[in-house]
Amino acid sequence: MLRGILTLLLFQFIGECFVKLFELKIPGAIIGMVLLLLFLGVRKGSFHALDTSVFWLLRYLPLFIIPAAAGIITQVDTISKEALAILTSLVIGTFLALAFSAKLIDILISRKENR
Amino acid sequence: MNVDALIAYVTTTPLTWIIITISVYKIGIILYEKTGKHSLLQPIVIAYLIILPILLLAKIPYQQYFASVSILHFFLGPATVALALPLYKNLKLIRSYFVPIMVTLFVGGTFTILSALGILWVLGASKVTMLSMTTKSVTAPITLITAHDIGAIPSLAMGFVVITGLLGASFGTFIFKILRIKHDEAKGFALGLVSHAVGIARAIEIGDNAAAFAALAMGLCGVFTAILLPIIIGFL
């Protein structure tokens with residue numbers, strides 16, 4: 001478990017350093033994630049301690065989101081002023097996006113299978 | 001007995017808000033499991049509905065609450081790195097469906113963002129609302145770490161993420177039926193691409209193939225949005 005946590009923290013740290021050094025506009029944790037992905041590819045698999053830590057972290061992920069998500073209480077003004085635009089965009093936008101993406105990949109998969 | 005000392009301790013220690021936050025999430029998990037894991041009753045939604053009134057009633061300044069529970073927030077970073085593992089495990093699916101997956105990822109992902117922005121623009125929404133809408137289909141931890149970098153309001157962006165997840169999970173099956181979507185892989189991919197983790201929860205109910213494609217779509221969408229969005233917005 002400890003080796004797993006250490007691995008995750010190290011990759012995040014390297015990612016953040018990378019971002020600072022090259023003045024990138026990408027979040028450091030994302031670079032860390034991509035580097036870990038490459039590492040797993042080179043290593044051709046994970047190891048037990050990493051599996052355990054990842055399982056634990058992702059299982060409680062919503063809990064880690066609450067502190068930042070609760071900040072919505074400071075946004076009551078914006079939301080009430082633009083409620084109609086926001087709601088329309090969310091509802092119609094999600095509807096269109098799902099329809100478009102599902103139909104697109106469905107057609108592409110059918111075409112591949114017919115070949 | 002020193003009641004004043006007790007009150008002073010309870011109102012200042014971070015423990016109070018850490019305990020409340022974890023309890024609220026635990027209640028969310030219990031209710032979610034009691035309702036047979038209904039995809040619309042995600043623990044995070046229940047936790048939201050309980051914690052927001054508590055914060056408003058307690059009249060605690062948000063900064064103070066956030067400082068108290070910042071230890072929980074800290075784990076978002078390592079959790080984002082951890083997303084590499086499920087992505088790695090699902091990446092083998094790409095080999096058999098490379099073109100459909102990559103085309104849908106880029107074209108579908110772009111369409112998702114532009115359609116939402118278009119509607120906001122027509123209805124005269126503010127710039128900050130539009131920026132906060134760009135990450136609505138990305139998984140929550142990636143939204144939070146990206147929102148800050150692109151000048152959006154993280155909590156507003158987060159609200160959009162949660163609602164998009166719920167809408168996708170509720171509309172999904174209906175849309176797939178009227179459009180006669182044939183492949184479970186397509187249903188899963190669209191759900192993961194548009195509605196991230198809530199979409200995956202819904203895809204699990206469709207089947208194993210749908211679930212794997214949903215997880216793959218969420219991972220890819222998160223990575224590419226987080227990498228491309230700050231660069232594109234930097235040019236505007």
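Each chain gets a letter, A, B and so on, in the order the sequences are listed, and its residues count up from 1. Everything numeric here is computed off the predicted structure, so don't read it as measured data.
- Within the 4.5 angstrom heavy-atom criterion, atoms from both the backbone and the side chain of B:Leu191 approach chain A.
- With a threshold of 4.5 angstrom between heavy atoms, B:Phe66 approaches chain A through side-chain atoms but not through N, CA, C or O.
- Counting heavy-atom pairs under 4.5 Å between each of B:Leu193, B:Leu117, B:Leu167, B:Leu55 and chain A puts B:Leu167 at the top.
- Taking each heavy atom of B:Pro141 and A:Ile65 in turn, the nearest pair found is CD-CD1, 4.2 Å.
- For residues 6-31 of chain A, the ring pair (Phe, Tyr, Trp, His ring centres under 6.0 Å) pairs, not counting sequence neighbours, are A:Phe11-A:Phe39, A:Phe18-A:Phe22.
- For B:Ala125, the parts lying under 4.5 angstrom from a heavy atom of chain A are both the backbone and the side chain.
- Interface remark: of the candidates B:Leu228, B:Ile227, B:Val103, B:Ile227 forms the most heavy-atom pairs closer than 4.5 Å to chain A.
- Only the side chain of A:Val34 comes within contact range of chain B, with heavy atoms under 4.5 Å apart.
- Only the side chain of A:Ile79 comes within less than 4.5 Å of a heavy atom in chain B; its backbone stays farther off.
- Residue B:Ile153 touches chain A through its side chain alone, counting heavy-atom pairs closer than 4.5 Å.
- Of the two parts of B:Leu144, only the side chain, counted from C-beta on, holds a non-hydrogen atom closer than 4.5 Å to a non-hydrogen atom of chain A.
- With chain A as the partner, the residue from B:Val161, B:Leu91, B:Val162, B:Leu87 showing the most heavy-atom pairs under 4.5 Å is B:Leu87.
- With sequence neighbours left out, B:Ala82 forms a side-chain contact (heavy atoms from CB on, under 4.5 Å) with A:Leu8, A:Val54, A:Leu57, A:Leu58.
- For chain A, the nearby part of B:Ile142 is the side chain; its heavy atoms alone come within less than 4.5 Å.
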For this session: Show the numbers, then the answer: is there a side chain to side chain contact (heavy atoms under 4.5 Å, CB included) between A:Ile72 and B:Met158?
Result: CA-CA 8 Å; A:Ile72 200 91; B:Met158 196 45 226; over 6 Å; no

Can you list the donor-acceptor atom pairs spanning chain A and chain B that come in under 3.5 angstrom?
from	atom 1	to	atom 2	distance (Å)
A:Leu40	O	B:Tyr88	OH	3.4
A:Gly45	N	B:Tyr88	OH	3.2
A:Pro67	O	B:Tyr62	OH	2.6
A:Ala68	O	B:Tyr62	OH	3.4
A:Gly71	O	B:Ser155	OG	3.3
A:Ile72	N	B:Ser155	OG	3.4
A:Glu82	OE1	B:Ser126	N	3.2
A:Glu82	OE1	B:Ser126	OG	3.4
A:Glu82	OE1	B:Thr129	OG1	2.7
A:Glu82	OE2	B:Ser126	N	3.4
A:Glu82	OE2	B:Ser126	OG	2.7
A:Ser89	OG	B:Ala116	O	2.9
A:Lys103	NZ	B:Leu179	O	2.8
A:Asp106	OD1	B:Lys182	N	3.3
A:Asp106	OD1	B:His183	N	3.0
A:Asp106	OD1	B:His183	ND1	2.8
A:Asp106	OD2	B:Lys182	N	2.9
A:Lys112	NZ	B:Ser96	O	3.1
A:Glu113	OE1	B:His183	NE2	3.0

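- Neither the backbone nor the side chain of B:Pro154 has a heavy atom closer than 4.5 Å to any heavy atom of chain A.
- For B:Ile145, the parts sitting under 4.5 Å from any heavy atom of chain A are the backbone and the side chain alike.
- Taking both residues in full, the closest heavy atoms of A:Ala85 and B:Leu120 are given as O-CD2, 3.5 Å, listed atom of the first, atom of the second, then distance.
- Chain A forms more heavy-atom pairs under 4.5 Å with one residue of B:Gly108, B:Gly118, B:Gly188, B:Pro43 than with any other, namely B:Gly108.
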Problem set entry | Step-by-step side chain to side chain contact (heavy atoms under 4.5 Å, CB included) determination, A:Ile86 to B:Ile163 | CA-CA 11 Å; A:Ile86 289 173; B:Ile163 298 173; over 6 Å; no

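- Chosen from B:Phe111, B:Phe74, B:Phe189, the residue pairing most often with chain A at heavy-atom distances under 4.5 Å is B:Phe111.
- Taking CG of B:Leu229 as the reference point, atom CD1 of B:Ile233 lies at 4.0 Å (rounded to 0.5 Å).
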Exercise. What's the verdict on side chain to side chain contact (heavy atoms under 4.5 Å, CB included) for A:Ile66 and B:Val69, showing C-alpha distance, side-chain angles and the deciding distance?
Worked result: CA-CA 9 Å; A:Ile66 296 176; B:Val69 293; over 6 Å; no

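- The CD1 atom of A:Ile26 sits 4.5 Å away from the CD1 atom of B:Ile231 when rounded to the nearest 0.5 Å.
- Heavy atoms of B:Met130 lying under 4.5 Å from chain A are absent altogether.
- Only the side chain of B:Val194 comes within less than 4.5 Å of a heavy atom of chain A; its backbone N, CA, C and O stay farther away.
- With a 4.5 Å cut-off on non-hydrogen atoms, B:Pro86 touches chain A through its side chain but not through its backbone.
- The contact between B:Leu85 and chain A is made by backbone and side chain atoms together, counting heavy-atom distances below 4.5 Å.
- Both the backbone and the side chain of B:Leu156 come within less than 4.5 Å of a heavy atom of chain A.
- Surrounding CG of A:Leu2 are at most 12 heavy atoms belonging to other residues, nucleotides or ligands under 6.0 Å away.
- Contacts with chain A were tallied for B:Ala79, B:Ala186, B:Gly28, B:Ala157; B:Ala186 has the most, counting heavy-atom pairs under 4.5 Å.
- A search for ring-ring contact (aromatic ring centres under 6.0 Å, His included) contacts involving B:Phe224 returns B:Phe106, not counting sequence neighbours.
- Proximity to chain A is limited to the side chain of B:Leu56, based on heavy atoms less than 4.5 angstrom apart.
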